[in-house]
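Note: hydrogens, waters and symmetry copies are ignored here, and every other heavy atom, side chains too, is used.
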Amino acid sequence: MLYDVIILGSGPAGLSAAVYAQRACFHTLVIDEKPFSGGQILDTYEVDNYPGLPGISGFELGQKFRAHADSLGAEFVNEKVKEIRVR
């Protein structure tokens, strides 16, 4: 399969990139070795400085980020990237 954009990691930055890429009509793949999206924010007990979602847990915020990217059609795979080759 051919993709316009491949994003390594599904933390907040990777998921934001996926949302923007999908909204720009790019065929997008997100690769992460972990089964849950969210990155390090998953380990945060409470995120109280995210506008509109005061007091949300890091795990719940990660789920919301992932759901947004999913709703736009971003594709996800759980794999470990071992090498990157640039042509």
Side-chain angles (χ1 to χ4, degrees):
M1 171 122 344
L2 222 64
Y3 294 94
D4 298 310
V5 176
I6 298 176
I7 299 164
L8 306 181
S10 65
L15 292 170
S16 293
V19 166
Y20 279 94
Q22 282 299 118
R23 291 192 65 208
C25 297
F26 291 122
H27 191 201
T28 305
L29 176 67
V30 180
I31 303 172
D32 198 323
E33 65 180 321
K34 301 204 170 149
F36 292 103
S37 293
Q40 290 181 338
I41 201 166
L42 295 178
D43 299 328
T44 304
Y45 172 73
E46 181 180 65
V47 179
D48 203 31
N49 62 341
Y50 195 81
L53 300 171
I56 191 169
S57 74
F59 185 79
E60 188 178 2
L61 186 58
Q63 287 181 318
K64 286 185 178 290
F65 287 170
R66 170 66 184 260
H68 191 174
D70 280 335
S71 74
L72 294 170
E75 296 180 40
F76 290 82
V77 294
N78 292 101
E79 295 289 338
K80 183 174 184 168
V81 176
K82 297 178 182 173
E83 181 179 5
I84 298 172
R85 292 186 209 167
V86 180
R87 295 186 207 197

With rounding to the nearest 0.5 angstrom, report the CZ to OG1 distance, F59 to T44.
12.5 Å
E60 vs L53 side-chain heavy atoms within contact, under 4.5 Å:
no
Minimum-distance pair of heavy atoms, taken over all atoms of L15 and G38
CD1-N, 4.2 Å
Looking at CD of Q22 and CG of D4, how far apart are the two atoms once the value is rounded to the nearest 0.5 Å?
9.0 Å
With no hydrogens and no angle check, is any side-chain donor or acceptor of D48 less than 3.5 Å from a backbone partner on G55?
yes
Can you tell me how far apart CD1 (I6) and CD (E75) are? Round to the nearest 0.5 Å.
10.5 Å
Would you call S37 and F65 a side-chain contact if the rule is heavy atoms closer than 4.5 Å?
no
With a 6.0 Å cut-off (strictly less than), is the heavy-atom count around CZ of F26, excluding the residue itself, greater than 12?
no
What distance do K80 atom NZ and K34 atom NZ have between them, rounded to the nearest 0.5 Å?
10.0 Å
Among I31, L29, D32, D70, which residue satisfies the side-chain contact (heavy atoms from CB on, under 4.5 Å) criterion with F76?
D70
Given the rule that I, L, V, M, F, W and Y join up when any side-chain heavy atoms are under 4.5 Å apart, are V77 and V81 in one cluster?
yes
Supply the atom-to-atom distance F36 CZ to L42 CG, rounded to the nearest 0.5 angstrom.
8.5 Å
Do you know the tightest heavy-atom contact between V30 and S10?
CG1-CB, 3.8 Å
Could you state whether I84 and M1 fall into the same hydrophobic cluster, counting links through intermediate Ile, Leu, Val, Met, Phe, Trp or Tyr residues with side-chain heavy atoms under 4.5 angstrom apart?
yes
Between T28 and A21 the two heavy atoms that sit nearest each other are OG1-CB, 3.3 Å
To the nearest 0.5 Å, what is the distance between OH (Y20) and CD1 (I7)?
12.5 Å
Should R23 and L72 count as side-chain neighbours, where that means a heavy-atom distance under 4.5 Å?
yes
